[in-house]
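Contents: one structure, followed by commentary.
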Amino acid sequence: MNRQASEPVSETTEKSVRRSRVSGIDRALQVIDHLYETGAPAGAYAIAKAVGAPLSTVYVIIDDLVEKNILARNGDGTLWLGSRLYHYGLAYARSLDFMSVATQEMHDLCRDAGETVQVCGRDAEHMLVLAMADGPSHFQVASRVGTRVPLNWTASGRLLVGHMPEAERVELFRRGARMSPTGRAAVDAETLSDAARTAFEERLSIQAGESDYAVACIASPIVDRNGNCVATISIVLPEQKAFADKAGYADRVKASAARIEALMGWRQHGTSPHGINP
């Protein structure tokens, strides 16, 4: 009788521990996600307030994550993403055939164009820099790998939603469009939606001075077999140089996007799935 009575207690305790463990994992992910989404170091109090967790709980989680190098504590006490996450990211990137192909093409285009080249993807209402090859010049590009900016600020941002139905594009820009630091990026949802569709159909998007002064970006979509823009490849360079040889840079970046699609098996006989030639 005693042994039978003890079994349900053991099972209940096991379930309770499991629930506690899952809750701890969820809290840890909330902390990491908050830092990732804000893109800046933060203190424990600010993190606790943002994720809606007790400060004492967040302190315990942070200490554990710092000890495991998942988070790093700066000299001023603020927290940022740790080196262990970087190693995980590298391992994940190596497992993706697409990123391997796109990264190789990115470096080839960088050498050919002599300018900085980026591969970008979409994260909700933001564009995310996935990979980057620095050009040989002294021109400095503010956006690095991991940078997230609103879709309406960039040439790549428009392309990444150009394949979507109009209503979805409009709603996405209505939610996410923001004023850019230069004040030159469009914010009207309908205008942005039309520009996104046109850029996608032409396989080319160009922006200059919309997110950074005197900086231009010339981008082309990388389209999968279903006709969706899964990423972009772009040349980032001084605005003056971009318009001195706009056609030359445009041809190079479109050809690079087409080669990535072909290597991935998304392109047949030189034509993309949605019927647009490079």
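Bear in mind that the values here come from a model prediction, so they are computed numbers and not experimental data.
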Item to check | Salt-bridge present (Glu67, Arg73; N to O < 4.0 Å) | outcome: no

Checklist entry - What are the two closest heavy atoms between Gly43 and Thr78, and how far apart are they? => result N-CG2, 4.1 Å

Item to check | Summary of side chain to side chain donor-acceptor pair (under 3.5 Å) pairs that have at least one residue in residues 33-57, sequence neighbours excluded | outcome: Tyr36-Asp123

Checklist entry - Do the charged groups of Glu125 and Arg175 touch, with an N to O distance under 4.0 Å? => result yes

Checklist entry - According to a 4.5 Å side-chain heavy-atom criterion applied to Ile, Leu, Val, Met, Phe, Trp and Tyr, with indirect links allowed, do Met179 and Trp153 form part of one hydrophobic cluster? => result no

Next on the checklist: In this structure, would Val119 and Trp266 fall into the same cluster of hydrophobic residues linked by side-chain contacts under 4.5 Å?
Outcome noted: yes

Next on the checklist: Can you give me the closest heavy-atom contact between Arg148 and Leu128, atom names plus distance?
Outcome noted: CG-CD1, 3.4 Å

Checklist entry - Can you name the one residue among Leu85, Ile70, Val60 that meets side chain to side chain contact (heavy atoms under 4.5 Å, CB included) with Leu65? => result Ile70

Checklist entry - Under a 4.0 Å N-O cut-off, is there an ion pair linking Arg111 with Asp108? => result yes

Next on the checklist: Closer than 3.5 angstrom, by distance alone: can the side chain of Arg84 be matched with the main-chain N or O of Lys68 as a donor-acceptor pair?
Outcome noted: yes

Item to check | No-hydrogen, no-angle side-chain donor-acceptor test under 3.5 Å, Asp26 and Gln30 | outcome: no

Next on the checklist: Evaluate Thr154 against Gln207 for side-chain hydrogen bond (donor to acceptor under 3.5 Å, both in side chains), listing each step before the verdict.
Outcome noted: CA-CA 6 Å; Thr154 66; Gln207 70 88 5; over 6 Å; no

Checklist entry - Would a hydrophobic clustering, with Ile, Leu, Val, Met, Phe, Trp and Tyr connected at side-chain separations under 4.5 Å, put Leu71 with Tyr59? => result no

Item to check | Side-chain H-bond candidate by donor/acceptor type, Ser256 with Glu105, under 3.5 Å | outcome: yes

Next on the checklist: Go through it in stages, so that I can follow the logic: the residues are Arg158 and Phe200, the test is side-chain contact (heavy atoms from CB on, under 4.5 Å), and I'd like the CA-CA distance, side-chain angles, deciding distance and then a yes or no.
Outcome noted: CA-CA 8 Å; Arg158 298 182 187 111; Phe200 181 72; over 6 Å; no

Item to check | salt_bridge(Arg203, Glu261) N-O dist < 4.0 Å | outcome: yes

Item to check | Salt bridge flag under 4.0 Å for residues Arg27 and Asp64 | outcome: no

